[in-house]
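Computed from a prediction, not measured in an experiment: that's the story for all the values here. Nothing fancy with the numbering, it's 1 onward along the sequence.
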Amino acid sequence: MASSDPGFKAAFEEAKKGLEEGGIPIGAALVNKDGKILGRGHNMRIQNSSAILHGEMAALEDAGRLPGSSYKGATMYTTLSPCDMCSGACIMYGVKRVVMGEQVNHVGPHEYLKARGIELVNLDNEECIKMMGKYIKENPKDW
């Protein structure tokens, strides 16, 4: 698993898009077991004054209403370790793997995800670490 994976590249593109919009640079992409991107999105908390539109939630929203079987075996790519809410959504929809760009700037409920049968992959991507770290340093009140 590398940072050049199409699902991760889509998530990273979304994070950069969110940052360009003045938002929190967290992106995500939901990819089915066949490698097709079902949905992608980025954190919209600042842009939409939203309490729940995190990157992973935006990717699920972008995917639209799908049959439950669409999520089985899917991977959620995200540029940052998912929070409790987004982890819960991954569990609820039966996502089998979460690939995160980094877990330096935030660590979500990894043990809970593992206990629920979700494989976790940390790419430890330097670009993600730097982008999020810089955002947090420059915007502490928004983080």
Side-chain angles (χ1 to χ4, degrees), residues 1-64 66 68 70-143:
M1 178 71 50
S3 296
S4 60
D5 184 285
F8 180 74
K9 285 173 69 172
F12 190 74
E13 288 169 7
E14 289 291 331
K16 289 192 301 188
K17 183 177 178 183
L19 184 61
E20 290 167 4
E21 294 172 356
I24 301 169
I26 303 169
L30 179 65
V31 178
N32 73 8
K33 63 184 176 195
D34 298 322
K36 179 183 178 202
I37 295 176
L38 300 175
R40 54 190 286 169
H42 54 276
N43 188 298
M44 297 289 289
R45 288 180 50 224
I46 304 296
Q47 301 92 313
N48 288 8
S49 295
S50 173
I52 61 168
L53 272 181
H54 292 192
E56 299 89 340
M57 302 301 271
L60 287 165
E61 180 72 14
D62 183 56
L66 300 171
S70 299
Y71 303 100
K72 301 304 177 203
T75 298
M76 179 65 78
Y77 291 87
T78 180
T79 56
L80 183 67
S81 174
C83 72
D84 289 349
M85 176 178 66
C86 296
S87 294
C90 288
I91 291 166
M92 186 174 103
Y93 285 102
V95 169
K96 290 305 289 176
R97 184 171 56 160
V98 172
V99 176
M100 61 192 123
E102 63 113 334
Q103 62 180 23
V104 171
N105 289 295
H106 175 265
V107 178
H110 294 178
E111 293 308 315
Y112 182 60
L113 286 167
K114 290 178 190 175
R116 297 301 298 264
I118 295 179
E119 175 191 357
L120 295 178
V121 177
N122 177 16
L123 297 177
D124 202 26
N125 180 279
E126 195 62 36
E127 289 179 280
C128 287
I129 294 168
K130 286 179 182 175
M131 181 170 53
M132 194 67 216
K134 183 175 189 262
Y135 182 84
I136 292 169
K137 184 177 179 181
E138 293 176 357
N139 302 279
K141 70 178 183 358
D142 291 334
W143 181 245

field: Reference residue M76; test side chain to side chain contact (heavy atoms under 4.5 Å, CB included); the match among V95, I118, V31
entry: V95
query: Do E13 and H42 get their side chains close enough for a donor-acceptor pair, meaning under 3.5 Å?
result: no
message: Treating D62 as the side-chain partner and R40 as the backbone partner, does any N or O pair qualify as donor plus acceptor under 3.5 Å?
response: yes
query: Tell me, do M100 and H110 make a side-chain contact under 4.5 Å, heavy atoms counted?
result: yes
message: Would C90 and Y71 count as a side chain to side chain contact (heavy atoms under 4.5 Å, CB included) here? Give the steps.
response: CA-CA 9 Å; C90 288; Y71 303 100; over 6 Å; no
- prompt: Got a second to check how far N105's CG is from I26's CD1, nearest 0.5 Å?
  reply: 9.5 Å
query: Can you check whether C83's main-chain N or O pairs, donor with acceptor, with S87's side chain at less than 3.5 Å?
result: yes
query: Between the side chain of E102 and the main-chain N/O of V104, is any donor-acceptor distance below 3.5 Å?
result: yes
task: Could you please spell out the steps behind the side chain to side chain contact (heavy atoms under 4.5 Å, CB included) verdict for N43 and L53?
output: CA-CA 6 Å; N43 188 298; L53 272 181; over 6 Å; no
field: Test log, rule side chain to side chain contact (heavy atoms under 4.5 Å, CB included), inputs M131 and F12
entry: CA-CA 10 Å; M131 181 170 53; F12 190 74; 3.6 Å; yes
task: Please confirm whether the backbone N or O of S50 pairs with a side-chain atom of N48, one donor and one acceptor, at under 3.5 Å?
output: no
query: Short question: side chain of N32, backbone of D34 - any donor-acceptor pair under 3.5 Å?
result: yes
- prompt: In terms of heavy-atom contacts, does CD of E21 have more than 12 from other residues, nucleotides or ligands at under 6.0 Å?
  reply: yes
- request: Using modelled atom types only, decide if a donor and an acceptor are shared between the side chain of N139 and the backbone of Y135 within a distance under 3.5 Å.
  value: yes
field: Donor-acceptor under 3.5 Å (T78 side chain, A28 main chain)
entry: no
Atom pair CD (E56) and OH (Y93), whose distance is rounded to the nearest 0.5 Å: 14.0 Å
query: Can you list the steps and then say if K72 with K33 is a side chain to side chain contact (heavy atoms under 4.5 Å, CB included)?
result: CA-CA 7 Å; K72 301 304 177 203; K33 63 184 176 195; 5.6 Å; no
